[in-house]
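Only one structure is covered here, and it is reproduced in the block below.
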Amino acid sequence: MDSYDYTEIEKRWKPVWRDMGLYRTGTDPGREPFYCLDFFPYPSGAGLSVGHCRNYVPTDVISRKKRMDGYNVLHPMGWDAFGQPAEEYAIKTGTHPAEVTTENTATYRRQMELIEASYDWDREVNSSDPDYYRWTQFFFLLLYDRGLAYQADNYQMWCPECKIVLSNEEAAGGRCWRCDGEVTRKKLRQWYFRITEYADRLLRDLDGLDWPEGIKAMQRNWIGRSEGAEVDFTVQTTDGPVVIPVYTTRLDTIYGATFCVLAPEHPDVERITTADMRAEVEQYVREARAKSDLERMEASEREKTGVFTGAYAENPYNGEKVPVYVADYVLAGYGTAAIMAVPAHDERDHSFARRHGLPIVEVIAPGGVPQGVEEHATVADGSLLNSGPFDGMESGEARRKMAEYAEEKGFGRADVRFRIRDWLVSRQRYWGAPIPIVHCERCGTVPDRDLPVTLPEVESYEPDDTGRSPLARAGDWVRTVCPECGGPARRDTSTMAGFACSSWYFLRFASPHEKDRPFDPEAVRYWLPVDLYVGGAEHAVMHLIYARFWTKVMYDAGMVDFSEPFSTLKNQGMLLGEDHVKMSKSRGNVVTPDEMVDRYGADALRLYILFMGPFEAELEWSEEGIAGTARFVNRLWNLFCETGEVEPGDVNEGPERELRYRLAHTVKKVTGDVDSFQFNTAVAAMMELTNYMSANRETASAFGPTWREAVRKVLVMLAPMAPFVSEELWHRLGFADGERDTVHLQPWPEYDEEDLQRDTVEIVVQVKGKIRDRIDVPADADRATMEELALRSGRIREILGGKGPSRVIVVPGRLVNIIP
RNA sequence: GCCGGGAUGGUGGAACUGGCAGACACAACGGACUUAAAAUCCGUUGCCCCCAGCGGGGCGUGAGGGUUCGAGUCCCUCUCCCGGCACCA
């Protein structure tokens with residue numbers, strides 16, 4: 001028997017399917033749409049590894065099955081093409097980043113075609129194409145017009161390695177998301193999107209999404225809503241009073257506030273510092289600024305440093321004056337950058353107080369019992385003591401009452417705060433979408449609506465560590481006229497972060513060739529929101545939060561009729577190398593689809609990706625594993641070639657019935673498994689059925705027409721997973737209705753409930769929960785019958801030794817458990 | 001510290017709403033084919049014990065406890081692993 005020649009057969013079908021336009025998608029109002037989308041990939045120079053296939057193969061299987069289910073399926077692919085690696089390569093070699101990008105996207109596409117991902121390539125988009133980024137710029141202006149884009153001077157996250165500012169999301173954990181280097185701060189004027197204005201909605205709307213719990217939890221945590229209060233402490237200086245609002249979630253502990261702390265970056269530090277403390281405070285602030293966030297955190301975990309400002313602030317509740325410190329354990333970016341410190345009931349304040357010899361006053365007694373606070377802070381809620389008129393109240397009630405009181409007196413107010421910061425979106429880099437803004441001396445900041453604002457040609461793409469953009473060196477491009485007054489003006493020289501481009505691409509796919517608008521609203525209404533969105537978990541608080549934000553802005557602007565872009569989200573698990581570590585070039589453990597397709601064929605690779613384990617699980621690559629699915633393809637090929645066209649002979653009823661049962665069972669199992677992303681067990685079920693058929697191949701004709709029906713249904717179910725071998729056999733075994741027919745447009749197989757019924761079933765007989773016998777009983781036997789049959793069993797009678805049972809538990813169709 | 005997810009044979013993993021633990025594969029071992037090897041095909045394979053054999057028994061899902069006729073699955077306590085966040089007042 002010939003073995004399956006995948007090279008030959010893959011070569012045969014690719015052009016046929018291409019000519020048929022098998023994967024082309026039209027807007028068809030008569031058919032139910034299904035939009036299946038992969039995360040927008042950045043086409044890196046390294047190309048795809050088999051790890052990427054864990055994303056692209058499952059979505060392809062779903063897309064193909066949905067087509068067979070009768071859906072009109074949108075399954076597009078495009079390139080998140082702006083970005084630093086291409087730019088860095090350009091800096092090193094002098095080639096234009098566009099050239100590198102073109103090469104890389106070609107490689108990606110070639111590899112995706114290698115595994116026959118069924119993308120509609122007519123809809124391919126590229127975010128670095130002016131026809132695309134003009135609309136990214138358009139959305140920038142939409143946000144600008146809605147007051148959601150603004151410039152501000154701040155201490156930004158700065159990656160000295162990449163020479164680039166970072167958004168909060170990109171600098172999570174004090175490390176740069178790209179190079180993992182430590183992040184420092186730099187004071188620069190930058191563009192922001194006011195995502196904080198959407199914090200509440202971004203949080204609330206998570207509840208309705210069919211997303212992994214982990215991702216939702218990460219977003220909730222990142223948005224970080226907390227309920228508290230703002231209270232004004234007042235410092236008397238020689239220049240008059242300075243009001244310092246502090247933010248607290250523990251207003252109930254305010255009678256225990258024994259000092260206040262300002263972040264080193266707090267704007268009032270200078271004003272309140274007394275002359276004799278000035279030198280020391282200034283030095284501390286300088287040193288704090290020079291440290292990276294990571295250094296600050298690590299240092300202060302050991303010891304909480306800080307210096308006294310010489311100032312005292314009045315607690316408005318009790319009129320007490322408490323010393324004011326500057327310390328870097330208070331963050332500049334959260335709350336009011338100033339806190340009231342309650343060492344008795346906050347660990348951090350406690351360790352600061354201990355180090356600096358400050359008083360500790362206990363004001364909360366959990367369960368009415370003071371816990372003692374010399375050694376450790378008591379963080380639990382409880383009833384108040386040493387708290388004037390609020391004594392005896394429980395924490396929760398006290399927080400409400402005390403906030404009301406503050407509001408009445410005008411020195412405070414209940415307040416909800418979020419941890420999420422506004423999105424820093426400008427980058428001083430070349431390879432990105434230019435921010436379409438002109439700066440005019442007369443008119444100020446003016447939007448440039450003559451889009452696209454195309455990237456100029458420049459001599460060098462090098463960024464510098466002053467935070468100046470390479471675009472600033474394109475003098476002729478920078479010098480322009482003001483769109484408002486016609487006077488001389490200068491272009492903004494920043495580009496947008498790549499995450500801007502990927503915040504709307506899913507809309508572009510609905511009508512990718514639209515000339516005069518970002519998308520056709522009709523097409524968007526038909527296709528969106530995305531039904532199934534699949535990608536890695538690493539974008540939990542970056543792309544996935546930004547895209548939700550932009551969608552909500554568009555919803556508010558009346559451009560789309562949904563406010564969440566991705567109904568269902570799934571994350572594929574990571575794929576490790578055979579050496580148990582993440583695949584990487586430097587490790588030298590990267591396995592490419594190219595070599596695997598070459599050695600085992602595309603079908604074997606696809607099947608192995610599906611079969612190796614659960615979709616979400618982190619798994620290790622194994623070449624022995626792919627050899628196994630290649631063997632399966634081969635066995636199936638031989639079995640079907642040999643028996644697929646067998647003429648039905650005299651039917652042997654028992655086996656025929658058994659095959660009908662197994663076939664129905666397999667169809668049911670595979671259907672359910674594929675729909676619920678359990679591809680590994682779907683493949684296993686088909687292996688099981690074909691193993692059974694293989695064991696009975698000699699007597700195939702005795703199964704009557706059922707045999708060929710099984711062959712046909714297996715081929716159809718296999719088609720989304722292994723498109724080549726199933727198509728070849730479909731034609732070779734004469735299932736095809738003419739040359740132009742294809743297995744890929746067959747309706748998904750169904751099964752007859754009746755075939756799942758059996759006459760007898762084997763049940764387990766237990767004595768005291770231990771299995772002692774197995775007996776066959778009629779499938780529809782009732783409890784009494786089952787009990788009777790079980791008690792009749794010789795083995796059971798032997799064990800019972802003539803005594804009758806004291807109790808019998810019967811589970812119909814499953815087991816009888818006898819308690820003597 | 002907080003949040004999310006895990007722990008099942010030599011390995012990857014399977015097990016519907018509590019009901020036959022180990023499907024399917026890999027590896028290993030034995031056999032067939034072969035001058036030989038590879039490929040292919042057939043068989044064995046959780047651990048331990050009894051039996052010449054047919055067969056039979058015990059143990060077993062990270063640890064300990066609990067609920068139940070019955071627990072991988074439910075509850076409590078704990079250990080370890082992976083991912084994320086982390087001085088957020």
Side-chain angles (χ1 to χ4, degrees), chain A residues 1 3 172-174 212-222 224-226 228 246-251 253 257 260-261 263 293 296-301 304 327-331 333-342 345-349 351-352 379 417-421 537-538 540-541 571 573-574 607-608 611-614 616-629 631-632 634-635 638 669 672 678 680-688 691 694-695 762-771 774 795 805-811 813-819:
Chain A
M1 184 58 58
S3 67
E213 266 321 305
I215 301 284
K216 290 209 254 185
M218 275 190 237
Q219 289 210 355
R220 284 192 189 105
N221 186 41
W222 189 260
R225 187 189 140 97
S226 73
V246 305
Y247 179 72
T248 179
T249 54
R250 289 302 301 275
L251 189 55
T253 65
C260 284
V261 185
D293 281 16
R296 270 165 78 155
M297 205 184 86
E298 278 163 8
S300 59
E301 250 170 33
K304 293 236 171 323
D328 64 6
Y329 83 91
V330 172
L331 303 177
Y334 185 74
T336 57
I339 62 158
M340 62 170 203
V342 183
H345 304 293
D346 183 281
E347 296 287 4
R348 299 152 299 183
D349 299 344
S351 72
F352 190 88
V379 282
R417 293 272 174 169
F418 294 92
R419 277 160 95 150
I420 191 170
R421 305 267 71 86
E538 66 276 9
V541 290
N571 300 124
M574 216 204 310
L607 283 169
Y608 179 54
F611 181 64
M612 63 192 306
E616 306 82 2
E618 179 175 288
L619 296 169
E620 269 162 38
W621 179 257
S622 148
E623 186 144 355
E624 280 156 351
I626 186 175
T629 54
R631 273 197 288 271
F632 167 65
N634 225 337
R635 274 198 301 267
N638 288 329
K669 173 88 179 140
Q678 287 162 289
N680 53 333
T681 47
V683 174
M686 289 197 288
M687 287 174 166
E688 221 176 328
N691 284 349
S694 182
E762 192 188 69
I763 64 157
V764 167
V765 184
Q766 301 179 331
V767 176
K768 262 169 75 181
K770 285 196 187 297
I771 296 161
R774 291 158 215 276
R795 278 200 29 79
S806 66
R807 191 176 163 199
V808 179
I809 293 107
V810 180
V811 182
R814 273 192 207 281
L815 61 75
V816 177
N817 188 8
I818 297 159
I819 317 301

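Computed from heavy atoms alone, side chains included, the values below leave out hydrogens, waters and symmetry copies. Numbers restart at 1 for each chain; the letters A, B, ... are given by sequence-line order, proteins then strands.
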- Would you mind reading off the distance between A:E623 atom CD and B:G12 atom P, rounded to a whole angstrom? 18 Å
- Task: Using the C1' atom as the reference point in each nucleotide, state the distance between B:U17 and B:G83 in Å, no decimals.
- Result: 30 Å
- Item | Donor-acceptor contact below 3.5 Å, side chain A:R417 vs main chain A:G335 | yes
- Taking the six-membered ring for Trp, are A:Y608 and A:W621 parallel (under 30°), tilted (30 to 60°) or perpendicular (over 60°)? perpendicular
- Which part of the nucleic acid does A:I809 contact within heavy-atom distance under 4.0 Å: base, sugar-phosphate only, or nothing? base
- Message: Going by purine N1 to pyrimidine N3 plus the second Watson-Crick contact, or the G-U wobble pair, all under 3.5 Å, which nucleotide sits opposite B:U79?
- Response: B:A7
- Task: Give one of base, sugar-phosphate or nothing for A:S622, where a contact means two heavy atoms less than 4.0 Å apart.
- Result: nothing
- Query: What's the spacing between A:I809 CD1 and A:I819 CD1 if we round to 0.5 Å?
  - Reply: 4.5 Å
- Applying the 3.5 Å cut-off to both distances, the Watson-Crick or G-U partner of B:C33 turns out to be none
- Task: Quick one: label A:S226 by what it contacts on the DNA or RNA (base, sugar-phosphate, nothing), any heavy atom closer than 4.0 Å.
- Result: sugar-phosphate
- Does A:M612 or A:M218 map to a spot on RNA chain B nearer the 5' end, using the closest nucleotide for each? A:M612
- With heavy atoms under 4.0 Å as the rule, sort A:I771 into base, sugar-phosphate or nothing. sugar-phosphate
- Message: Pick the closest RNA chain B nucleotide for A:G224 and for A:A172 by heavy atoms, then say which residue is nearer the 5' end.
- Response: A:A172
- Query: What integer distance in Å separates A:K216:NZ from B:C85:C1'?
  - Reply: 19 Å
- What heavy-atom pair brings A:R774 and A:V764 nearest, and what distance separates the two atoms? NH1-CG2, 4.3 Å
- Task: Name the nucleic acid region contacted by A:A537, choosing base, sugar-phosphate or nothing; use a 4.0 angstrom heavy-atom cut-off, strictly under.
- Result: nothing
- Using Watson-Crick geometry (N1-N3 plus N6-O4 or O6-N4) or G-U wobble (N1-O2, O6-N3), each under 3.5 Å, B:G1 is paired with B:C85
- Query: Counting N and O atoms only, with roles assigned by atom type, does the side chain of A:R250 sit under 3.5 Å from a partner on the main chain of A:V379, one being a donor and the other an acceptor?
  - Reply: yes
- To the nearest Å, give me how far apart CD (A:E624) and P (B:G10) are. 17 Å
- Spell out, as yes or no, whether a donor-acceptor pair under 3.5 Å connects the side chain of A:R807 to the backbone of A:P805. no
- Item | Nearest-angstrom distance, C1' atom, B:A36 to B:U45 | 28 Å
- For A:E616, which contact category applies under a 4.0 Å heavy-atom criterion: base, sugar-phosphate, or nothing? nothing
- Of all the choices, B:A15, B:G19, B:C24, which nucleotide is nearest to the side chain of A:F611 once you look at every atom? B:C24
- Task: Could you check which of B:C85, B:C69, B:G19 has an atom nearest any side-chain atom of A:I819?
- Result: B:C69
- Task: Output the single nucleotide from B:C85, B:A27, B:A89 whose closest atom is nearest the side chain of A:V330.
- Result: B:A89
- Minimum-distance nucleotide to A:V764 side chain [options: B:A27, B:G12, B:C20]: B:C20
- Remember a base hit wins even if backbone is also touched, and classify A:P212 as base, sugar-phosphate or nothing at under 4.0 Å, heavy atoms. nothing
- Could you work out which one of B:G4, B:C69, B:A25 sits closest to the side chain of A:M687? B:A25
- Query: What is the distance, rounded to the nearest whole Å, between atom CG of A:N634 and atom P of B:A39?
  - Reply: 13 Å
- Could you check whether A:N680 gets within reach of a base, just the sugar-phosphate, or nothing at all, counting any heavy atom under 4.0 Å? sugar-phosphate
- Message: Roughly how many Å apart are B:U61 and B:G9, using the P atom of each and rounding to a whole number?
- Response: 9 Å
- Of the listed B:G19, B:A89, B:G13, the closest approach to the A:P614 side chain comes from B:G13
- Tell me: NZ of A:K768 to C1' of B:C69, nearest whole Å? 11 Å
- Task: Using the side-chain contact (heavy atoms from CB on, under 4.5 Å) rule, take A:F352 and A:D346 through it: C-alpha gap first, then chi angles, then the decisive distance, then the call.
- Result: CA-CA 10 Å; A:F352 190 88; A:D346 183 281; over 6 Å; no
- Give one of base, sugar-phosphate or nothing for A:I215, where a contact means two heavy atoms less than 4.0 Å apart. nothing
- Query: Given B:G12, B:C85, B:G19, which nucleotide is nearest the side-chain atoms of A:L619?
  - Reply: B:G12
- Syn/anti state of B:G72 by chi, 90° boundary around 0: anti
- Message: Taking only side-chain N and O atoms of A:R250, does any of them lie within less than 4.0 angstrom of OP1 or OP2 on B:A89?
- Response: no
- Note on the structure: On a heavy-atom basis, the closest approach of A:T629 and A:F611 is CG2-CD2, 4.1 Å
- Spacing between A:L815 atom CG and B:A15 atom P, to the nearest angstrom: 20 Å
- Query: Rounded to whole angstrom units, what separation is found between the CZ atom of A:R419 and the P atom of B:A89?
  - Reply: 7 Å
- Can you tell me, in whole Å, how much space there is between the C1' of B:A89 and that of B:U79? 33 Å
- Taking the P atom of each, how far is B:A38 from B:C59, in whole Å? 43 Å
- Task: Could you please name the partner base of B:U44, counting Watson-Crick and G-U wobble pairs only when both distances are under 3.5 Å?
- Result: B:A28
- Message: Using the C1' atom as the point on both nucleotides, what is the distance between B:G19 and B:A25, in whole Å?
- Response: 27 Å
- Mind checking A:R631 for me? I need base, sugar-phosphate or nothing, with any heavy atom below 4.0 Å counting as a touch. sugar-phosphate
- For A:G628, answer base if it contacts any base atom (sugar-phosphate contacts may also be present), sugar-phosphate if it contacts only those atoms, and nothing otherwise; contact means non-hydrogen atoms under 4.0 Å. sugar-phosphate
- Have a look at A:K770 and say if it touches a base, only the backbone sugar-phosphate, or nothing, with a 4.0 Å heavy-atom cut-off. sugar-phosphate
- Message: Closest approach to the side chain of A:N221, judged atom by atom: which nucleotide of B:C24, B:C85, B:G4 is it?
- Response: B:C85
- B:A89 OP1/OP2 closer than 4.0 Å to side-chain N/O of A:Y329: no
- Among B:G19, B:G4, B:A89, find the nucleotide with the atom closest to the side chain of A:N817. B:G19
- Message: Using the C1' atom as the point on both nucleotides, what is the distance between B:G56 and B:U67, in whole Å?
- Response: 33 Å
- A:R635 near the nucleic acid: base, sugar-phosphate alone, or nothing, with a heavy-atom cut-off under 4.0 Å? sugar-phosphate
- Task: Verify the contact: side-chain N or O of A:N691 to OP1 or OP2 of B:A25, cut-off strictly under 4.0 Å; return yes or no.
- Result: yes
- Task: Could you walk me through whether A:I339 and A:D349 pass the side-chain contact (heavy atoms from CB on, under 4.5 Å) test, one step at a time?
- Result: CA-CA 10 Å; A:I339 62 158; A:D349 299 344; 3.6 Å; yes
- Would you say the side-chain atoms of A:E616 pair up with the backbone N or O of A:N571, donor to acceptor, closer than 3.5 Å? no
- Query: Mind checking the C1' distance from B:C54 to B:C42? Whole angstroms is fine.
  - Reply: 23 Å
- If pairing means Watson-Crick or G-U wobble with both distances under 3.5 Å, then the partner of B:A15 is none
